[in-house]
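We name chains A, B, ... by the order of the sequence lines, and we start the count at 1 in each one.
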Amino acid sequence: MVDARSVRPHIDALIEDAVRAAVAAGELPDVAAPGATVERPKDSTNGDFASTLAMRLGRAAMRPAPEIAAVIARHVASDPAVDPPTISGAFINFRLSDRFVQSEVERCIAEGAAFADITVGAGKRAQVEFVSANPTGPLHVGNGRGAAIGDALASALQAAGYAVEREYYVNDAGTQTDTFGETLYARYQQLFGREAPVPADGYPGQYMAGLAEEIKQEAGDRFLRDEGEPCPPALAQLGIELMVRHIRRTLDAFGVHYDRWFSERSLYEGESGFDTVMGLLREKGYLAEREGATWFTSSDLGEGKDNVVIRSDGRPTYYASDIAYHYDKFIRRGFDLVIDVWGADHHGHVSRVKTATGAVGGDGDALHILLYQLVTLKRGSEVVKLSKRSGEIITLDELIEEVGRDAARFFFLLRSPGSQMDFDLDLAVKQSSENPVFYVQYAHARLASILDRAKEQGLTPDGGDVALLTQPHELALIREMMRLPEIIETVANTFEPQHLPHYAMALATAFHTFNDAFKQQDDSSLKVITDNAELSRARLRLVLAAKIALARVLDVMGVDAPERM
RNA sequence: GCGGCUGUAGCUCAGUGGAUAGAGCAUCUGUCUUCGGAACAGAGGGUCGGGGGUUCGAAUCCCUCCAGCCGUACCA
């Protein structure tokens, strides 16, 4: 049975059959026809789908492309899902039949939120690792962008059939952890009246003093050592744990929930991933000792330079951890698809990690590292650098508090990850059409409200006949709903989540247009709820289906779909 | 220096091989005595950073130049 998810390949098949028929009839030379020529026309007046096959065939068939198009179109078999094709230039244009469009309302209601789910990822396991900020401080606004992108991507992959795991990589080992410990210990000692300056390369933020205070409340002077002694390791670890807890709370508030929090330190424990990976690299001759350090000779694998994996003081670098971590993802856990969402300041690391992943037996092509650019906060046209309250960098907590999680997530997703974005704090809280978040959520609330109003009058969608949905605005709204599976597919294949909010806006507009068209025409028989109960029930079915579709795309974005506002 | 990302309407940005390059906001003009006006319809507005190339067809691919941002650690 053809539905919105399969109609494009279905039309492709119709075209391919038509070419074969034309060849058999001697009207076309026997040429190799490329498949997958069906696309969405930019301008909907050209129909719902169009094939560019004739243009691609033009030269091989030795005839003008428009003639080829006409020949092919003539041989397209009649089909219940599409009207007979038309020719425009060399495009072969298809319009979905009213009946097929109407049937999608029934399918949507029958399948509910799953109506847009697809199967491209069926049977495959995917991991999305995102945020993974060092637990040396609170999350900032940029981490929020990574959180919104990673979480939405994970949801889209789930909708595309993948078994998805969301993961946070906790950097609880290494130099920055040590620096964090030293800073924390300095703040801690200060609480006991000692002259202990924060290290020059430490973390100057006031939150560190707060953290020290918290620990003092809990543990008193238990971590205090003699003057001049270094930070006790247990204090650093406790500090990290508390920071991780704080980060987790922030992400909870943002609506992001992980399947696993993966400790970097665990790579060095037990059947150590680190040892395994170093053994593998040594075995393959990719390790070299120079200047007292151990280097991964990545330049042999096409990298610009070699990189240190074990420092001259014997401690592994973060790069070594990352190699072991990706070995764990690909080899130990066997993911088919791995997505790392990183801030753009890590881009120098991308190629190295892919190369190393390949060197230890992982599939570098199945590793997709998604970089997102920085976020500039603004109020109107004024750039906001620091928090008024703390005088320090603005945290994700503050952003959520100020604009709400829905607006924050929607705006973060709206821009493609690769472009630097301005986040206008004033705009995000505006309750007007300037603000796309409210525009979309309002559409959902309005849909809910229509169903409520109908129910008060004893009308429900039950028993409505979708064949009665013949008005242009009705069919246009259904057509918009039918695009959701395509949007899911695009996001799952390209890892570009910005299509989700753009689609949500388009669907909301289609609904508002549908809803207003009835008002504008000054004809009460055109409203959803009319004197004609049969017609009302049919339209309520459409309202119900549109509500399901809008709620679904919002759900994938991690944005609430309110019943009233 | 080398490398990456970005450059599209006044602003913020979609569009990465197809038809006359789109959306939102802003501006202007209208609609409806509102099943929720947080609405709708329409108009104006473009050397797609510049130049060259590939292609039946280029904002999209290649080369080159320019501008902005980021990277180029025995930091992460």
### Message
Once you apply a heavy-atom cut-off of 4.0 Å, does A:Ala506 come out as touching a base, just sugar-phosphate, or nothing?
### Response
nothing

#### Entry: A:Tyr439 side-chain N/O to B:C40 phosphate OP1/OP2 under 4.0 Å
yes

### Message
Over all strands shown, is A:Thr513 touching base, sugar-phosphate only, or nothing at heavy-atom distances under 4.0 angstrom?
### Response
sugar-phosphate

## Note on the structure
Assert: residue with more 5' nearest nucleotide on RNA chain B, out of A:Gly348 and A:Arg453, is A:Arg453

### Message
Between B:A59 and B:C65, how far apart are the two P atoms, rounded to whole Å?
### Response
22 Å

## Note on the structure
In 5'-to-3' order, the base (B), backbone-only (S) or no-contact (-) status of each nucleotide in nucleotides 6-15 of chain B, using a 4.0 angstrom heavy-atom cut-off, is S-----BSSS

### Query
Is A:Ala445 touching bases, backbone alone, or none of the nucleic acid, heavy atoms closer than 4.0 Å?
base

### Query
Which part of the nucleic acid, if any, lies within reach of A:Arg564 when heavy atoms closer than 4.0 Å are counted: base, sugar-phosphate only, or nothing?
base

### Summary
B:G46 -> Watson-Crick or G-U wobble partner, both distances under 3.5 Å, gives none

#### Entry: Integer-rounded Å distance: B:G3 C1' and A:Lys305 NZ
12 Å

#### Entry: Partner residues of A:Tyr168 under the ring pair (Phe, Tyr, Trp, His ring centres under 6.0 Å) criterion, sequence neighbours left out
A:Tyr258, A:Trp261

#### Entry: Per A:Asn134 side chain, nearest of listed nucleotides B:G3, B:C35, B:A76
B:A76

### Task
Look at the side chain of A:Thr317 and the backbone N and O of A:Val308, then say whether any donor-acceptor pair between them is shorter than 3.5 Å.
yes

### Message
Just N and O in the side chain of A:Thr175: are any of them under 4.0 Å from OP1 or OP2 of B:A76?
### Response
yes

### Message
Counting the atoms with a prime plus P, OP1 and OP2 as sugar-phosphate, which does A:Asn93 contact under 4.0 Å by heavy atoms, base, sugar-phosphate, or nothing?
### Response
base

